[in-house]
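A short worksheet on the structure shown next.
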Amino acid sequence: MDTPLSTIAVVGLGTMGTGIAEVLARAGHEVIGIDISDAAARQAVAALEASTARAVRRERITEEERSDVLARFRTFADLRAAAEAELVIEVVPESYEIKQQLFRELDAIVSPTAILATGTNALSVTRLAAESLRPERVLGLHFFNPAPAMKLVEVVSSVLTAPPAVEAVTALARSLGKEPVAVGDRPGFVADGLLFGYLNQAAAMYEANYASREDIDAAMKLGCGLPMGPLALLDLIGVDTARTVLEAMYSESHDRLHAPAPVLRQLSEAGLTGRKSGRGFYTYQAAGSQTVVPDALTPRDGQAAVAGRTVRSVGVAGSGTMASGIAEVFAKAGYDVVLAARGQEKADTAKGRIAKSLERSVTKGRLTAEARDGALARITAAGSLDAFADVDLAVEAVAEDLSVKQQLFGTLDKVCKPGAVLATTTSSLPVVAIARATSRPQDVIGMHFFNPAPAMKLVEVVRTVLTADDVHATVREVCAEVRKHPVDCGDRAGFIVNALLFPYLNNAIKMVEEHYATLDDIDAAMKLGGGYPMGPFELLDVVGLDVSLAIEKVLHSEFRDPGLAPAPLLEHLVAAGCLGRKTGRGFREHARR
């Protein structure tokens with residue numbers, strides 16, 4: 001079954017098929033492009049001509065090399081042109097009927113040793129293989145869009161696939177400069193299996209009017225370092241395509257997290273499928289354009305309906321990394337800051353941490369020595385909350401424990417002057433429960449910074465049903481002053497970022513529990529296929545497994561969805577004291593600091 005794979009047929013010359021053909025031709029393979037549409041074939045040739053011309057202009061290839069690449073790509077309308085291929089990659093529409101018919105026809109055309117690969121990301125490879133006369137030669141070869149740029153290729157085996165076929169296409173993927181990841185046969189495989197659940201939850205969050213499309217997308221980009229927000233990504237993928245993938249996932253998993261959000265059906269049936277139609281969650285300049293244009297839902301710039309309160313001085317309660325970071329942010333923005341901790345020694349230590357951080361910024365050229373000295377001079381370290389008597393805004397950044405925060409806010413209620421805004425940085429607790437510990441719940445709001453606060457641009461602004469309009473306006477104005485991006489959300493578990501991030505992390509853990517894929521393959525798939533700055537297991541070890549478990553428990557408790565129940569493996573690791581980098585061991589071993 002040794003196969004050289006020198007001649008490869010690509011059936012279906014849409015965007016993905018054209019991209020795959022380009023990758024293969026530029027790597028030296030003879031490529032037979034097949035599409036029943038003459039227009040699609042012409043467009044594929046034109047796309048290859050354009051991309052290779054750009055490569056010549058950028059001096060990445062010579063004109064002679066360009067001519068060779070173009071000569072290696074031939075297009076046909078008849079499937080019989082695949083007869084000489086050692087590998088056929090189909091990228092036709094996501095339909096069992098269409099793909100199964102194609103495989104039956106290929107059986108009568110290709111040689112008995114040819115490998116048949118499906119580019120599906122939503123359908124069962126096993127079911128497709130079962131329709132072939134040679135199921136041992138059928139597998140999945142899932143490229144990511146745009147194929148020339150994306151490094152990940154998922155190599156999908158069914159229970160029928162022969163190992164030599166897998167080895168042959170894995171070697172091919174590596175020769176193309178790709179990173180092949182071996183996965184089993186289930187809808188979505190690794191990357192899309194994790195990605196589409198997250199996208200679906202984002203769509204449901206938007207549909208529930210919990211946050212605006214702009215705030216959901218900004219939160220995930222700024223809070224998680226993602227290249228695109230989930231709703232913009234759904235528009236890029238195609239709302240109809242996403243719905244198809246989710247339907248396939250739900251039919252197998254019966255997990256409510258995979259049940260397509262009704263808004264996906266509504267948009268699909270209305271023809272609002274995203275960029276390709278010119279309108280989806282956003283409106284675009286034209287069909288196929290990536291330029292977003294304002295529509296009826298676009299926020300209007302201008303004066304806020306309600307003016308905020310004046311804030312000149314800020315109190316920050318806490319002595320940990322988050323408290324120090326928030327105090328540094330306000331001091332650098334020109335506010336007088338009181339940093340209060342449980343005892344003068346702790347407060348002085350926290351101020352010392354800020355001094356070191358400011359010094360690093362000077363060393364790196366991000367801050368002048370004068371600005372460093374000015375910021376540090378504006379910070380007063382105090383050993384008691386009594387020092388908050390004159391602050392205009394009090395921000396707590398203490399332990400994520402409801403009783404601890406309630407006790408602290410009870411003290412702030414007594415200490416802070418009337419009209420002072422009281423903000424909590426909680427990431428998972430109900431803000432209204434904290435507000436009710438005071439006699440002025442209308443002055444209490446959530447102001448969730450992200451760690452490290454000096455670097456991270458996002459602040460989730462969390463209103464309760466009792467928060468006053470001018471308090472909300474105050475916090476948004478302050479965010480602008482400290483150069484942070486505020487996103488509005490309601491008072492429910494996880495807010496935007498954690499409510500979307502942690503179910504995704506939990507599902508990654510479940511993949512490992514089920515022996516579906518390895519830690520390394522899952523991390524590689526999400527970094528290479530999804531553009532994530534860190535893989536889920538890298539991130540879990542950084543965040544802390546105990547912190548992650550606590551957030552997942554809060555989400556499960558609030559939403560009561562069985563799919564949100566923390567993965568048992570996570571609970572076992574936390575019980576064993578394997579908490580991530582801070583203990584030297586989590587999902588991986590780490591050098592102790």
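Residue numbers run from 1 in the order of the sequence given. Because the structure is a prediction, the values reported are computed rather than measured.
The line from CG of Leu222 to CG of Asp215 is 10.5 Å long, rounded to the nearest 0.5 Å. Note that OG1 of Thr126 is 11.0 Å distant from CG of Leu139, once rounded to the nearest 0.5 Å. Distance check, rounded to the nearest 0.5 Å: CD1 of Ile326 to CZ of Phe449 gives 5.0 Å. A distance of 9.0 Å separates CD of Glu538 from CG of Asp520, quoted to the nearest 0.5 Å. The line from CD of Glu131 to OH of Tyr96 is 11.0 Å long, rounded to the nearest 0.5 Å. Between the CG atom of Asn506 and the NE2 atom of His556 there is a distance of 9.5 Å, given to the nearest 0.5 Å.
Of the possible donor and acceptor atoms, one in the side chain of Ser277 sits under 3.5 Å from a partner among the backbone N and O of Gly271. In this structure a side-chain-to-backbone donor-acceptor pair under 3.5 Å is present from Ser268 to Leu264. Checking side-chain atoms of Gln406 against main-chain N and O of Ala433 turns up a donor-acceptor pair under 3.5 Å. In this structure a side-chain-to-backbone donor-acceptor pair under 3.5 Å is present from Lys178 to Met150. Remark: side-chain polar atoms of Thr161 are paired, donor with acceptor, to backbone N or O of Val138 under 3.5 angstrom. Without hydrogens or angle criteria, Glu252 side chain to Arg186 main chain gives no donor-acceptor distance under 3.5 Å. Judged by distance alone, the side chain of Asn121 and the main-chain N or O of Phe189 form no donor-acceptor pair under 3.5 Å. Checked by atom type and distance alone, the side chain of Glu460 pairs as donor or acceptor with a backbone atom of Ile496 at under 3.5 Å.
Applying the side chain to side chain donor-acceptor pair (under 3.5 Å) test between Lys276 and each of Thr15, Asp235, Asp240 identifies Asp240 as the sole match.
The nearest pair of heavy atoms linking Leu123 to Asp185 is O-OD1, 4.2 Å. Across Phe495 and His448, no two heavy atoms sit closer than the pair CD1-ND1, 4.1 Å. In plain terms, the two heavy atoms of Ala493 and Phe559 that are nearest each other are O-CE1, 3.8 Å. Nearest heavy-atom pair, Val432 versus Asp491, reported as atom, atom and distance to 0.1 Å: N-OD2, 2.8 Å. Contact record, Ala317 with Leu408: CB-CD1, 4.1 Å, taken as the closest heavy-atom pair. In this structure, Lys484 and Ala453 approach most closely via the heavy-atom pair NZ-O, 2.6 Å.
Note: Tyr250 and His254 have perpendicular aromatic rings, judged against thresholds of 30 and 60 degrees for the angle between ring planes. Taking the six-membered ring where tryptophan is involved, the planes of Phe281 and Tyr206 are perpendicular, since the angle between them exceeds 60° and thus also 30°.
Within 6.0 Å of CD in Glu513 there are more than 12 heavy atoms belonging to other residues, nucleotides or ligands. Within a 6.0 Å radius of CZ in Arg436, no more than 12 heavy atoms belonging to other residues, nucleotides or ligands are found.
With hydrogens and angles left out, the side-chain atoms of Asp217 and Tyr282 include a donor and acceptor closer than 3.5 Å. Side chains of Thr18 and Gln43: no donor on one and acceptor on the other come within 3.5 Å. If you check the side chains of Thr298 and Arg213, you find a donor sitting under 3.5 Å from an acceptor.
Checked for salt-bridge contact, Glu269 and Arg265 meet the test: a charged N lies under 4.0 Å from a carboxylate O. Taking the charged nitrogens against the carboxylate oxygens, Lys405 and Glu396 do have a contact shorter than 4.0 Å, which makes a salt bridge. A salt bridge links Asp443 with Arg309: the closest approach of a Lys/Arg side-chain nitrogen to an acidic carboxylate oxygen falls below 4.0 angstrom. At a threshold of 4.0 Å, the pair Glu179-Lys527 does not count as salt-bridged, since none of the basic side-chain nitrogens sits closer than that to a carboxylate oxygen. Remark: Arg476 engages Asp488 in a salt bridge, criterion side-chain N to carboxylate O under 4.0 Å. The pair Lys582-Asp546 counts as a salt bridge, with a side-chain nitrogen and a carboxylate oxygen less than 4.0 angstrom apart.
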*Take Thr241 and Thr244 through the test side-chain hydrogen bond (donor to acceptor under 3.5 Å, both in side chains) and record every step on the way to the result.*
CA-CA 5 Å; Thr241 301; Thr244 298; over 6 Å; no
*Could you go step by step and tell me if Met447 and Val421 meet the side chain to side chain contact (heavy atoms under 4.5 Å, CB included) rule?*
CA-CA 11 Å; Met447 198 174 181; Val421 173; over 6 Å; no
*Stepwise, does the side chain to side chain contact (heavy atoms under 4.5 Å, CB included) test hold for Phe587 with Ile509?*
CA-CA 10 Å; Phe587 282 97; Ile509 300 169; 3.8 Å; yes
